[in-house]
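The sequence lines fix the lettering, A, B, ..., with proteins before strands; numbering per chain opens at 1.
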Protein chains: 2
Amino acid sequence: MISDAATRLIASSWPKLPEAARDVLLEVLIHGPLSRAEIAARLRLSRPTLTRVAKSLVAQGLLVEGDTRPRASAGRPSEMLHVRGAAHRFLGVKLTADRLFAAVTDLTATPIATAEEPLRSRDPDEVVAQIADVARRFPGVTGIGVTLGGVVLDGLVARDEFLRWTDVPLKAAVTGATRVPTAVDNDVQALTAAEHWFGPGAGLRSLAVITVGAGVGTGLIVGGGLVAGSHGLPPHFSHTLVDAKGPQCGCGRRGCISSYLMTHVVLQRLTGNPSYAEALDRVRAGDPQARQVFDEAGYALGVLIGTVANVIDPQKVLLTGEGLPLYEVSSPLVHDGIEDTYEDDPDLIELDVRPFDFSEWARSGAALAIKETITGAITEWPQGNRRR
Amino acid sequence: MISDAATRLIASSWPKLPEAARDVLLEVLIHGPLSRAEIAARLRLSRPTLTRVAKSLVAQGLLVEGDTRPRASAGRPSEMLHVRGAAHRFLGVKLTADRLFAAVTDLTATPIATAEEPLRSRDPDEVVAQIADVARRFPGVTGIGVTLGGVVLDGLVARDEFLRWTDVPLKAAVTGATRVPTAVDNDVQALTAAEHWFGPGAGLRSLAVITVGAGVGTGLIVGGGLVAGSHGLPPHFSHTLVDAKGPQCGCGRRGCISSYLMTHVVLQRLTGNPSYAEALDRVRAGDPQARQVFDEAGYALGVLIGTVANVIDPQKVLLTGEGLPLYEVSSPLVHDGIEDTYEDDPDLIELDVRPFDFSEWARSGAALAIKETITGAITEWPQGNRRR
DNA sequence: CACGATTAGTTTCTGGGCGGAACTTATGCG
DNA sequence: CGCATAAGTTCCGCCCAGAAACTAATCGTG
């Protein structure tokens, strides 16, 4: 069989790669262009193995040889291997209570197109049909990743309070309706995985991702893998107590971390029912009431960061989400919160703050699909996997 | 080469096992006697592979064939494979501020002998010499595991407040003094790993271990592996706030979880400076002051359990330590604390309470040695390991 | 400019380990 | 006493990884 990589611009089915090939692809995907020698050293594989594996990945159109990079001193220059992003496309879908956000990316999770539309209905069957409609508009994708703000276990949406779902087998339904392998996960979990592969947390063995938005979300990478609870629950830090005299929280108590951070609570505490943008303007203009509310929120965020760092002592803490302006206006208080909470030298915490726009959510759905495709978790029939 | 397993009662050096053999040994070690067919199914290995691997492990004296267990209906009975615990011995050492506890176990972490003596000095060299003396009294061990209550990273004791050590390369020193491969880790981490291999948490993919003693310790298993912080710090939950009007805590604030649970704080809050045993007697006798103090401690323990469960949603929470009588006398309040903290159905938390005596600490040192021996982490020269 | 030093990448060969197919063994059942 | 059933074994071939030896591309130096 002769396979001509040059003519196969986009493949829509994923080849079954031997383990070493998966590892090599992953290494280049996560750490950027690398030479064969470099990959061999990192993965502790022999150079001959790398020649073989690279050849097969190039033949399959997944890698391409890029520029040659001259050595510093003597020696033959390295030929850099790049991921050929165009080889595959993935569709990411994020569901909220009333809207659907979609993004098509290439294999490197780089967005190619985005779309956004209102949800026609919250009925699971209709939502599946709507996702299938979106998928039809972007044919030829290798995998689909759907994310939502609920509890997901093995492709089953155990519950989602926004969509008011219970036990919806979304993965099977979307796979069936689209005939495309589909992954489903909690949105924060998917974002965490995305940042761990394609973001500033690329390849770290431990990472904490904190998203500040309408609510607060936390995702953890430990030992190089995503922490997924045994009942599908993502990590919950947000009802840790900051000050029992704090604002009323949705959980019934007062002064939880989330009670300071949830957008609607921040706005409620301000006079005149402002929008979030207006509230930020007030802080920047020096309004003392707004300053107080945002500083308390910033302090709570610091407590959250410190608490997370106490628990898993990660290599990096990544702060992201639509609510990031909070850090911008109240970073001193964030750091006060960290200092009061973290039990070691706060300088050990590498805090990375990332601008965020809402399309990241859909993109991380595509990243989820990429991840599950490469690791093989997305196949409908689980196949032999020797590792525990 | 003819190797006669029957004559080699105790080997003192660990054979280099191929990966499949390690996996098989581990499976039997953790899950008890299993048939070849059963192991093959669990590990997704072929039956021929199991024949081969089992033969080699039996030849090396690590496994033995035990009884044959008849099938329920038809079919040839299974031949159960047992770990031959006597094949190897391991020494565990636990260091406190002023004492040394030692335990010799077999390969299944079953204690064979224990010893206890005062620490002659806190000077690192002298402690190493004392450990070497102990090791001389128990010759022929395959590995040594040393644990202490400090921060350990890669065999280096970054600091230990009890021994007042900073940056002591204990692993290298003990290995050098004894010529026996040695592992060093934090005591709670080692206990967690021990419970995960040899205790009620055997083989779980996620597990939280909470020890209540002079202080509170937490260890986590996530994704089948021990959570070790990137700076050597074990997980810290204990300064999470319970009630800002609570007792003064060593960390400077009031009402942390640990401020309720530390033994000396509990005793300080009682009149007459009782011993722990006396304090327990008072509770059991109905003394209202003691009841109040223990119930508050129990509630704080419940908050801790709920917080841990919120974060990693483990398959099981294991409660252990010298301070366990607390649970015995105040379990209703523990469950109140869990209910007020855990954000899902508390029935999802499988809580396992284990009696504990202090020798467990030394035994878990031996378990640490067993673990590092089998996984290969204990070898002085790190050898090629393809996995990330 | 020739030649060695240096490092990247390739080819060839070999061996180990794993699984498929077919076989043997040990039991229950009619 | 077959026959079904399932455990365990033997045999064989294949895949895949590494060792050794090779070619390729560059730099430095006399």
Rounding to a whole Å, what distance do you find between [X]:[atom1] and [N]:[atom2]?
{"X": "B/Leu43", "N": "C/dG17", "atom1": "CG", "atom2": "C1'", "value": "15 Å"}
{"X": "A/Glu65", "N": "C/dA8", "atom1": "CD", "atom2": "P", "value": "14 Å"}
{"X": "B/Leu50", "N": "D/dG8", "atom1": "CG", "atom2": "P", "value": "9 Å"}
{"X": "B/Lys55", "N": "D/dG8", "atom1": "NZ", "atom2": "P", "value": "13 Å"}
{"X": "B/Arg69", "N": "C/dG28", "atom1": "CZ", "atom2": "C1'", "value": "18 Å"}
{"X": "A/Met80", "N": "C/dA8", "atom1": "CE", "atom2": "P", "value": "11 Å"}
{"X": "A/Leu45", "N": "D/dA19", "atom1": "CG", "atom2": "P", "value": "12 Å"}
{"X": "A/Lys16", "N": "D/dC15", "atom1": "NZ", "atom2": "P", "value": "14 Å"}

If you compare all heavy atoms of [X] against all heavy atoms of [Y], which two are closest, and at what distance to 0.1 Å?
{"X": "B/Leu63", "Y": "B/Val24", "result": "CD1-CG1, 4.4 Å"}
{"X": "B/Val141", "Y": "B/Val180", "result": "O-CG1, 3.8 Å"}
{"X": "A/Arg363", "Y": "A/Pro111", "result": "CD-CG, 3.8 Å"}

Side-chain donor or acceptor of A/Arg84 paired with backbone N/O of A/Gly61 under 3.5 Å: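 Judged by distance alone, yes, a pair lies under 3.5 Å.
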Strand-adjacent residues in residues 30-38 of chain B, judged by heavy atoms under 4.0 Å from DNA chain C: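 Going residue by residue through residues 30-38 of chain B, none turns out to have a heavy atom under 4.0 Å of DNA chain C.
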Spatial distance of atom [atom1] ([X]) from atom [atom2] ([Y]) [nearest 0.5 Å]:
{"X": "B/Leu204", "Y": "B/Gln315", "atom1": "CG", "atom2": "CD", "value": "5.0 Å"}
{"X": "B/Thr49", "Y": "B/Ile39", "atom1": "OG1", "atom2": "CD1", "value": "12.5 Å"}
{"X": "B/Thr182", "Y": "B/Leu170", "atom1": "OG1", "atom2": "CG", "value": "8.0 Å"}
{"X": "A/Gln189", "Y": "A/Leu220", "atom1": "CD", "atom2": "CG", "value": "8.0 Å"}

side-chain contact (heavy atoms from CB on, under 4.5 Å) partner of B/Leu318, the single match among B/Glu195, B/His196, B/Glu350: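 Exactly one candidate clears the test, B/Glu195.
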Partner of A/Pro200 by side-chain contact (heavy atoms from CB on, under 4.5 Å), out of A/Val209, A/Leu207, A/Asp352: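 For A/Pro200, the side-chain contact (heavy atoms from CB on, under 4.5 Å) test succeeds with only one of A/Val209, A/Leu207, A/Asp352, which is A/Asp352.
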Phosphate contact (D/dA7 OP1 or OP2) by B/Arg47 side-chain N/O below 4.0 Å: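 For D/dA7, OP1/OP2 do have a side-chain N/O of B/Arg47 under 4.0 Å.
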Under-4.0 Å side-chain N/O to phosphate OP1/OP2 contact, A/Arg76 with C/dT6: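 No, because none of the side-chain N or O atoms of A/Arg76 sits under 4.0 Å from OP1 or OP2 of C/dT6.
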5' priority, DNA chain D, between A/Pro77 and A/Ser46 [closest heavy atom]: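 On the 5' side of the pair lies A/Ser46.
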CA sep, side-chain torsions, deciding dist, call: B/Asp67, B/His82, side chain to side chain contact (heavy atoms under 4.5 Å, CB included): CA-CA 9 Å; B/Asp67 52 323; B/His82 299 246; 3.3 Å; yes
Pairwise N/O distances under 3.5 Å, protein to nucleotides 28-30 of chain D:
none

End axis versus end axis in the helix from C/dC1-D/dG30 to C/dG30-D/dC1, the angle rounded to 10°, five pairs used at each terminus: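 About 10°, once rounded to a multiple of 10°.
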Given DNA chain C, 5'-ward residue of the pair A/Ala54 and B/Val53, judged by closest heavy atom: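 Taking each residue's closest nucleotide, the earlier one in sequence belongs to A/Ala54.
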Closest-nucleotide ordering on DNA chain C, the 5'-leading residue of B/Gly75 and A/Thr51: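 Between the two, 5'-proximity favours A/Thr51.
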Sugar-phosphate only, base, or nothing, as touched by A/Ala20 at under 4.0 Å among non-hydrogen atoms: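 Sugar-phosphate only.
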Criterion side chain to side chain contact (heavy atoms under 4.5 Å, CB included) on A/Glu38 and A/His31, from CA distance to verdict: CA-CA 11 Å; A/Glu38 173 75 19; A/His31 293 107; over 6 Å; no
